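Take a look at the structure below.
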There are 2 protein chains.
Amino acid sequence: MSEPAIRTTILDIARALNVAAATVSRALNDHPAISNATREAVKEAAKRMNYQPNKIASSLRLGKSKIIGVIIPSAEINFFGSVIHGIEKVASKNDYNVLIYQSNELYELEKKAVQTFLRSRVDGVLASISKETINLGHYADLKGKNVPLVLFDRANDSLQVPAVVVNDYQGAFNATRHLIEQGCRRIAHIGGQQHVTNFNQRLRGYIDALNVHNIAVDDDLIVYGKVSIGSGRECMKGLLPRQPDAVFAVEDFTALGAMQTIKEAGLSIPGDVAIIGFANELFSEYLTPSLSTVNQQTVRMGEEAAGLFFEVLNKKVSSRVPPRKLILEPEIICRQSTALPANYRRP
Amino acid sequence: MSEPAIRTTILDIARALNVAAATVSRALNDHPAISNATREAVKEAAKRMNYQPNKIASSLRLGKSKIIGVIIPSAEINFFGSVIHGIEKVASKNDYNVLIYQSNELYELEKKAVQTFLRSRVDGVLASISKETINLGHYADLKGKNVPLVLFDRANDSLQVPAVVVNDYQGAFNATRHLIEQGCRRIAHIGGQQHVTNFNQRLRGYIDALNVHNIAVDDDLIVYGKVSIGSGRECMKGLLPRQPDAVFAVEDFTALGAMQTIKEAGLSIPGDVAIIGFANELFSEYLTPSLSTVNQQTVRMGEEAAGLFFEVLNKKVSSRVPPRKLILEPEIICRQSTALPANYRRP
DNA sequence: CTGTTAGCGCGTTCAT
DNA sequence: ATGAACGCGCTAACAG
């Protein structure tokens, strides 16, 4: 008799069973104070009437949305797609949903993202700070409203929030050391914009690795580009006359551009110039020669970021301990572009 | 005096100004029946008290969430990342937010995604059907609840909903024709799972192109794989003894695997075997030789899918015209892997 | 164990 | 032009 309506509510079910709406609510939520009989009856009716709980009403009542807002520069970038994958996976497991917003590396859009999420009453925000962003006031707003914030990849210590980042310094250090171990001595570096912390850390790792191994840092072997294939090509053209025997590029696209220049100059990789990148972009494995690089564990980054969020969520008594900062240790992936014979010495 | 609370409500503003909550609501929403004076006063107070409208309450009241649910197999796949990019861009422009759910190509998760979105009361769902999905009942549920559904990439005509897809048939036809124009005659095809419409269409395009050009279809030159690098490698091993002079692979990863096998066999590309893929994956451009392929306009696909959603949303009187199906025409990208000299004839 | 009541915050009546 | 009252659907508090 109870024809399923377009939108069944607990009241519909209550009427169909001659009970109170509260009883239906209790039954559906497995409240302890409910008889087995009615609980079963209610659940049966709910299924029969094709009931779907209205999460909006529930959220309003409970004061939490079970939604995480995620701010990324762009979903088009593989790196962030992977992170999203990790975040959504963990969120889903915890019965949370993921709302995404792209900043396009723009400060204004990032501010708008935070505002939107505030209005949507998300239970937390995971974000990767846009390259353009310098003023961090909008993120501070979140703290003011008691909305947990977790940063990933592009973090900022001054915000004093949990974060999960890659150890860029160590990755760069290890990458450079790897080149040294291969017998290279004139190791060049193509860097990125130095106001981006990640890129600056990579430069530092490179310099320290040289120092530790008693190799003089030669400023002529360090150039700065704009982190793209074209920029990598140009930078490498400037470097070739200085005859480096290896290159540590700030990331894979830059490395790819550099490789193109090296090959066009008739030099062999790694025989004449070894090269290593950073990020383990999907394509790096399939280049010729395949490109050595530094793996950043992107999916894991997403998982850990979501994990940190649930951590603060579950102990809302947030003790006054400094926020956790998770540092993922990158791993060197050695491929053909640095695979020199053992104890190889250049002519 | 009015210290901004953690969560300011319209009632707080109303009290601060000695007006009714309804007045505040009207002022904030630019209702016509409101005096300029009070409207300005309310807006000023709202800003001062750092008011953020509670979208949850508003959604409950209005019966719409201004949220689009998007179901994708995985955010880790570049293709879907790009589509998400397009979707979010258009959604954002229309003051809508995007909730994402990954099916991981699993039927059960896809069902759960629909259920979650139903409970979240999203205003619409954009989805790409998982490879595993055969039963489409959960999507039909959406229609039952009057939730607009738009499919992208992986569509299904039986659902009778708007969709935006790539013209796989034409892309495959053109790719095959391209190989023919390059002088190839023994053109093999490495296909995918044939229950996936897209893959089946590509097979059909391949066959028809051969027919149109009076080249006999040779069943020995058609093999089916599982759409991966490894599968591409294996399939190509089976094909080599049959001496094809070209390969049309169902997508780029398969093509990549095939290329590896060809090169390992000491054959040259495209001299001995030309090859073309499908999808224009980021890496395809950087392979050696660079891989010819078919570009699918992924970002545009997302934009168009979102566009179709807003189209049905704005004329809810959904006239009884058949749902719109947008077919994006793919474009051949000719790179080194098929770049044979003009009028080249094989030995 | 179950029913009644109330309220989350907002927007839309229907008055005035 | 403004206010009072109501209800969207759900759940927690209090009775019984």
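Side chains included, hydrogens not; waters and symmetry mates left out as well; all remaining heavy atoms used. Below, chain A is the first sequence line, B the second, and so on; all start at residue 1. Everything numeric here is computed off the predicted structure, so don't read it as measured data.
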Measure the distance from CD1 on A/I34 to C1' on D/dA12 and round it to the nearest whole Å. 14 Å
Salt bridge (charged side-chain N to carboxylate O under 4.0 Å, His left out) with B/E132: which residues, sequence neighbours excluded? none
Helix axis bend for the helix from C/dC1-D/dG16 to C/dT16-D/dA1 - C1'-based end axes, five pairs, 10° rounding: 40°
When you measure from every atom of DNA chain C, which of residues 52-67 of chain B have a heavy atom less than 4.0 Å away? B/P53, B/N54, B/A57, B/S58, B/R61, B/L62
Suppose the criterion is salt bridge (Lys or Arg N to Asp or Glu O under 4.0 Å): which pairs have a residue in residues 61-88 of chain B, not counting sequence neighbours? B/K66-B/D95
Residue pairs meeting salt bridge (Lys or Arg N to Asp or Glu O under 4.0 Å), one or both in residues 115-128 of chain B, sequence neighbours left out, come to none
Atom CD1 of B/I10 to atom C1' of D/dC6: distance rounded to whole Å? 14 Å
Salt bridge (Lys or Arg N to Asp or Glu O under 4.0 Å): which pairs involve residues 153-164 of chain B, sequence neighbours left out? B/E105-B/R154, B/D157-B/K325
Under 4.0 Å from any heavy atom of chain B: name the first and the last nucleotide of DNA chain C that qualifies, 5' to 3'. C/dG9 to C/dT13
For DNA chain C, which residues of residues 18-26 of chain B approach it to below 4.0 angstrom with any heavy atom? B/A22, B/S25, B/R26
What residues form a salt bridge (charged side-chain N to carboxylate O under 4.0 Å, His left out) with A/K93, not counting sequence neighbours? none
Which pairs pass salt bridge (Lys or Arg N to Asp or Glu O under 4.0 Å) with one or both residues in residues 28-40 of chain A, sequence neighbours excluded? A/D30-A/K43
Listed once per pair and sorted, the ring-ring contact (aromatic ring centres under 6.0 Å, His included) pairs that draw on residues 53-106 of chain A, sequence neighbours left out: A/Y96-A/F309, A/Y96-A/F310
Enumerate the residue pairs fulfilling ring-ring contact (aromatic ring centres under 6.0 Å, His included) with a member in residues 31-68 of chain B, sequence neighbours excluded, ordered by first and then second residue. none
For D/dG9 and A/Y51 - does any side-chain N or O of the residue sit under 4.0 Å from the phosphate oxygens OP1/OP2? no
